[in-house]
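Heads up: the structure comes next, in structure tokens.
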Amino acid sequence: MAAYNKKEIIQTLEHIAVYLEIKGENAFRVSAYRKAAQALERDERTIDEIGDPSKLKGIGKGTASIITELREDGRSSFLDELKEEIPSGLITLLSLPGMGGKKIGKLYKELGVEDAAGLRKACEEKKVQNLAGFGAKTEEKILKALDDFGKRPDRLPIAHVMTAVEDITGRLNEFTGINRFELAGSFRRGRETVKDLDFIISTFKPEEVGSQITMMDNIETIVSNGETKISLELAYPEGLIVPVDFRMVEDDAFATTLHHFTGSKDHNVLMRQRAKEKSEKISEYGVESAETGEVITFKDEPAFFAHFNLPYIPPEVREGYDELETKEADLALVETGDIKADLHMHTTWSDGAQSIKEMVEANRERGYTHMAITDHSKFLRVANGLNEERLKRQHEEIRKLNEEYSDFTILTGIEMDILPDGSLDFADDILKETDFVIASIHSAFKQDEETIMKRLETAMHNPYVAMIAHPTGRLIGRRDGYQVDMDRLIQTAAKTDTILELNANPNRLDLASEYVRKAQEQGVKIGINTDAHRFDMLTHMPVGVKAARRGWLKKDTVVNTWDVETLITFLNRNR
DNA sequence: GCCGTTTTCGGCCCGACTGTTTTCAGTCG
């Protein structure tokens, strides 16, 4: 058994990189440590399974010996030496905007600054502005950064920026001088959290567009304002501050700029390396031939990828892993247009805002062919959960309503609680009469992993339970959820043929993409559902689909793409 | 520090913006 696990080793390598950065080491040497950490992270094996780390690309003799030392002793003599040399208080200064290793190194060497307090003192005594390369403005900025330090979260859950996205999109649609625009960045890649929003704008009049942008009425700060790039912090209700970048280019360069700012950074590095093999150079503006200096542009991203003999790589999988080596067939991911049904939602019968009829109409309008009504069960009193008698009455109402539609099917359903003692809220004779039985945990989150797993496994082994909803109970940026052994959950789901949900609510996205990918690999079916409690929450479906695509899900894995007959056959598999 | 069908040296993705300079370094994405 290793003294340090893989995660601890990765963190230590990243620590070393930070120390070296402050020491003013060669930037490539610094990034070599980060690359080594990434190489470990990307390998799915444990540190013991990996064996000789120098076999991995990006890990050579130097970093391998540090990794081996950490694995065996749980410490690194190299890091210990660095810690002797560099005060640890300098590390946090790296997170101040505008402060990098070079500047911090200079402050340390020339002014003896060792931490945030020392930096503040040096600024207040106006010593910083006298350093070569520093000035009065830099000093002011540092003081402001120190004041703001820790006030704002590093990344924002996407649920928090959706209003901003709608607001900015609406404004750009009204602006003059814009040919087209698109939101790039990690939002386009479907990440759970974002650092900022990146809008790419095609225009031949950057000054005209720029002045409209800087006139927006909710600007908190203009971070930078150049000829083609404007960075702002925009203010939204409840004190929310959203950093936004606007990048303006002429239409010819739109595709390559969109690709560049969609990232990820690691994906771009892979693409540029590939270009280099062809003696070409990729930038935002196009692809330049090294021989002729000619720059070619592309009408869209697929054409750009085709130039490098690559299939279209969807934004959601551009993470710099193995997407360039992937077969085209594996890049055919589920799309929102494939979705035929939403199978988890609530009505006024429990804690929803709309009636059954209203929800049915809203689902029909979305173009679905079927749906399931799944209110809470009796254990969940705060949500007005249904007891056996009310459930039966609801089923009658649904059956009657079903007769009104020849082209649409409403499945009866329930979101049944798995009780703290591991039992289910309804007996089998009730479940038997229900088309789509969801089981989920809403209580006793603090139980130990074994108890939680027993609860989930009881539900999965029940022949009438079709799906486990929001399997970990997490809320992004707010709570981690309960203790789930993910490998065990996926294995049991595979064995019992139980659907695992990818809850499309942007606050949940539960299961996370990395786990739906693992689940698909083991043959587990995934359900993408909005869990809507109101009309407008039905619109979260594309958010869930994006998260599914990040997990490389194919259409057939997702039960919501099946037609109603196929789904019903599946639901009756154990009955 | 890592890497190599241009391999043991000399590169390592590329460009915008700011603040400091007066042609460029540092930071950021």
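Atom set for the values below is all heavy atoms of this structure, side chains included, hydrogens, waters and symmetry mates excluded. Residue numbers begin at 1 in each chain, while the letters A, B, ... track the order of the sequences.
Closest contact between the side chain of Y285(A) and the listed nucleotides dC13(B), dT18(B), dA16(B) involves dA16(B). Among dC17(B), dG29(B), dC12(B), the nucleotide with an atom closest to any side-chain atom of F28(A) is dC12(B). Side-chain proximity of A32(A) to the nucleotides dT20(B), dG1(B), dT27(B) is greatest for dG1(B). The side chain of T63(A) has dC2(B) as its nearest neighbour among dG29(B), dA16(B), dC2(B). In the set dC12(B), dG19(B), dG29(B), dC12(B) carries the atom at the smallest distance from any side-chain atom of N26(A). For K102(A), the listed nucleotide lying nearest its side chain is dT27(B); candidates were dC13(B), dA16(B), dT27(B).
A donor and an acceptor atom, one from each side chain of T176(A) and Q212(A), are located under 3.5 Å apart.
Between the P atom of dG26(B) and the CD1 atom of I104(A) lies a distance of 13 Å, rounded to the nearest Å. The CD1-P distance, from I142(A) to dT20(B), rounds to 10 Å in whole Å. Following rounding to the nearest Å, D196(A) (CG) and dA16(B) (C1') show an atom-to-atom distance of 14 Å. Between the CD atom of Q129(A) and the P atom of dT21(B) there is a distance of 11 Å, rounded to whole Å. Atom CG of L131(A) is separated from atom P of dG19(B) by 17 Å (rounded to the nearest Å). Rounded to an integer number of Å, the gap from K103(A) NZ to dG19(B) P is 9 Å.
When heavy atoms are screened at a 4.0 angstrom cut-off, L96(A) is found touching the sugar-phosphate backbone but no base atom. As judged by a 4.0 angstrom heavy-atom cut-off over every strand, M99(A) is placed among residues touching the sugar-phosphate backbone only. In this structure, A184(A) reaches neither bases nor backbone, as no heavy-atom distance under 4.0 Å exists between it and the strands shown. Using a 4.0 Å heavy-atom distance criterion, N225(A) is classed as a sugar-phosphate-only contact. Nucleic acid contact for F134(A): sugar-phosphate only, since backbone atoms but no base atoms lie under 4.0 Å from a heavy atom of the residue. Across all strands shown, S231(A) has no heavy atoms under 4.0 Å from either base or sugar-phosphate atoms. At the heavy-atom level, K265(A) lies under 4.0 Å from base atoms of the strands shown. Heavy atoms of E227(A) sit under 4.0 angstrom from primed sugar atoms or phosphate atoms, though from no base atom.
Separating the C1' atom of dC3(B) from that of dC13(B) is a span of 16 Å, rounded to the nearest Å. For the C1' atom pair drawn from dT20(B) and dT27(B), the interatomic distance equals 13 Å after rounding to whole Å. For dG19(B) and dT23(B), the C1' atoms lie 13 Å apart once the distance is rounded to whole Å. Separation of the P atoms belonging to dG10(B) and dC17(B) is 35 Å when rounded to the nearest angstrom.
Residue H15(A) qualifies as open at atom NE2: its count of foreign heavy atoms under 6.0 Å is 12 or below. Summarising the local packing, CD of E227(A) is surrounded by 12 or fewer heavy atoms from other residues, nucleotides or ligands at distances under 6.0 Å.
Nearest-nucleotide mapping onto DNA chain B: of E284(A) and I59(A), the residue sitting toward the 5' end is I59(A). Summary of the strand contacts: K35(A) and G226(A) both lie near DNA chain B, and taking for each the nucleotide with the nearest heavy atom, the more 5' one is attributed to K35(A).
The partner of dT8(B), taking Watson-Crick or G-U wobble pairs whose two distances both stay under 3.5 Å, does not exist in any strand shown.
Side-chain contact between M541(A) and I528(A): present, with at least one pair of heavy atoms (C-beta onward) separated by less than 4.5 Å.
Considering E319(A), E323(A), R189(A) in turn, E323(A) is the only one that fulfils the side chain to side chain donor-acceptor pair (under 3.5 Å) rule with H267(A).
Salt bridge K55(A)/E49(A): absent, no basic N to carboxylate O contact under 4.0 Å.
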